[in-house]
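Keep in mind the model is a prediction, meaning the values are calculated, not measured. In the text below, chain A, chain B and the rest are named by the order of the sequence lines, each starting its count at 1.
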Protein chains: 2
Amino acid sequence: MEYIENSAFLIAFGKNLRKYRKLKGFTQEQLANDLGIEISQISRIERGVINTSIGNAYTIAKVLKIDIKELFDF
Amino acid sequence: MEYIENSAFLIAFGKNLRKYRKLKGFTQEQLANDLGIEISQISRIERGVINTSIGNAYTIAKVLKIDIKELFDF
DNA sequence: TCAAATATAGGCATATATGCCTACTTATTT
DNA sequence: AAATAAGTAGGCATATATGCCTATATTTGA
């Protein structure tokens, strides 16, 4: 198994999240509303600007109705 | 798929991390040193006291030489 | 091409994780 | 039982994520 840098990981995670969000037909705003977090955060997470929490990742998976492991599968 | 509460998720994550840490023969201190983070944080994460970042989870997986998905597999 | 919807960018205040430290507790080993 | 190792607890300062807001850019649809 090869490991990437932390910043690259955040970007990869964000891209993956964006993929699943669109796949499930959510806009950033809808996702943020369902999550109960700020819409600007979704944009930041998807671009890899911020290093969000595991709890947030879990809640996102919950809203998207996917397994959290899928968010880390890339 | 059934989803648990956020606080329960953090506790489950911590227990799982502890399982893998011991499985790989690390003390909290060794893991913290290899990670380059504070030992007190490991204790807090394992007990579900804090909601650590996805980047931290990734680095932990890297040090333990496991796939990050395993940390979320419970 | 224009309008509307969606996403990006950044500033500022606040909340929470983290680092650093000391003290205490629990577990392990002899 | 005593000594050592490992883990827990909490305080305080700092760093970073988050919330809230406004403005700009980009994409999508008519």
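Map Ser43(B) and Ile45(A) each onto its nearest nucleotide of DNA chain D; the residue landing nearer the 5' end is Ser43(B).
If you measure from atom CD1 of Ile42(A) to atom C1' of dT18(D), you get 12 Å, rounded to the nearest angstrom. Going from atom CD1 of Ile50(A) over to atom P of dT16(D) covers 13 Å, rounded to whole Å. Rounded to whole Å, atom C1' of dC20(D) lies 12 Å from atom CD1 of Ile39(A). For the pair Asn51(A) CG and dA15(D) P, the interatomic distance rounds to 17 Å; values are reported in whole Å. Asn33(A) places its CG atom 14 Å from the C1' atom of dC20(D), with the value rounded to the nearest Å. The distance from atom CD of Glu46(B) to atom P of dT8(D) is 7 Å, rounded to the nearest whole Å. Rounded to an integer number of Å, the gap from CD of Glu29(B) to P of dT28(C) is 17 Å. Summarising the geometry, the separation between CD1 on Ile54(B) and C1' on dT16(D) is reported as 14 Å, rounded to the nearest angstrom.
The listed nucleotides are dT8(C), dC20(D), dT18(C); the one nearest the side chain of Glu38(A) is dC20(D). Closest to the Arg44(A) side chain, of the nucleotides dG10(C), dT18(C), dT8(C), is dG10(C). In the set dG7(D), dT8(C), dT18(D), dT18(D) carries the atom at the smallest distance from any side-chain atom of Gln41(A). Out of dT18(D), dC20(C), dA7(C), the shortest distance to the side chain of Thr27(A) is found at dA7(C).
Residue contacts shown for Ile37(B) are limited to sugar-phosphate atoms, with no base heavy atom under 4.0 Å away. Nucleic acid contact class of Ser40(B) (heavy atoms, under 4.0 Å, all strands): base.
With axes fitted over five pairs at each extremity, the angle between the ends of the helix from dT1(C)-dA30(D) to dT30(C)-dA1(D) is 70° (10° resolution).
When Lys19(A), Lys22(A), Arg21(A) are each tested for a salt bridge (charged side-chain N to carboxylate O under 4.0 Å, His left out) with Glu46(A), only one passes: Arg21(A).
For Gln28(A), a side-chain nitrogen or oxygen approaches OP1 or OP2 of dT8(C) to under 4.0 Å. Look at Arg47(A) and you won't find any side-chain N or O under 4.0 angstrom from OP1 or OP2 of dG10(C). Contact annotation: Arg21(B) reaches the phosphate of dG7(D) (side-chain N/O to OP1 or OP2, under 4.0 Å).
Salt bridge absent: Lys69(A) and Glu70(B) never bring a charged side-chain N and a carboxylate O closer than 4.0 Å.
By the 4.5 Å heavy-atom criterion applied to side chains, Asn16(A) and Phe72(A) are not counted as neighbours.
Ring-plane geometry between Phe74(A) and Phe13(A) is classed as perpendicular, the angle between the planes exceeding 60 degrees on a 0 to 90 degree scale with a lower cut at 30.
A donor-acceptor contact shorter than 3.5 Å is absent between the side chain of Arg18(B) and the backbone of Gly14(B). Between the Asp34(A) side chain and the Val63(A) main chain, no donor and acceptor come within less than 3.5 Å of each other. For Lys62(B) (side chain) and Ile4(A) (main-chain N/O), a donor-acceptor pair under 3.5 Å exists by modelled atom type.
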Would Phe9(B) and Ile54(A) count as a side-chain contact (heavy atoms from CB on, under 4.5 Å) here? Give the steps.
CA-CA 9 Å; Phe9(B) 166 77; Ile54(A) 58 174; 4.1 Å; yes
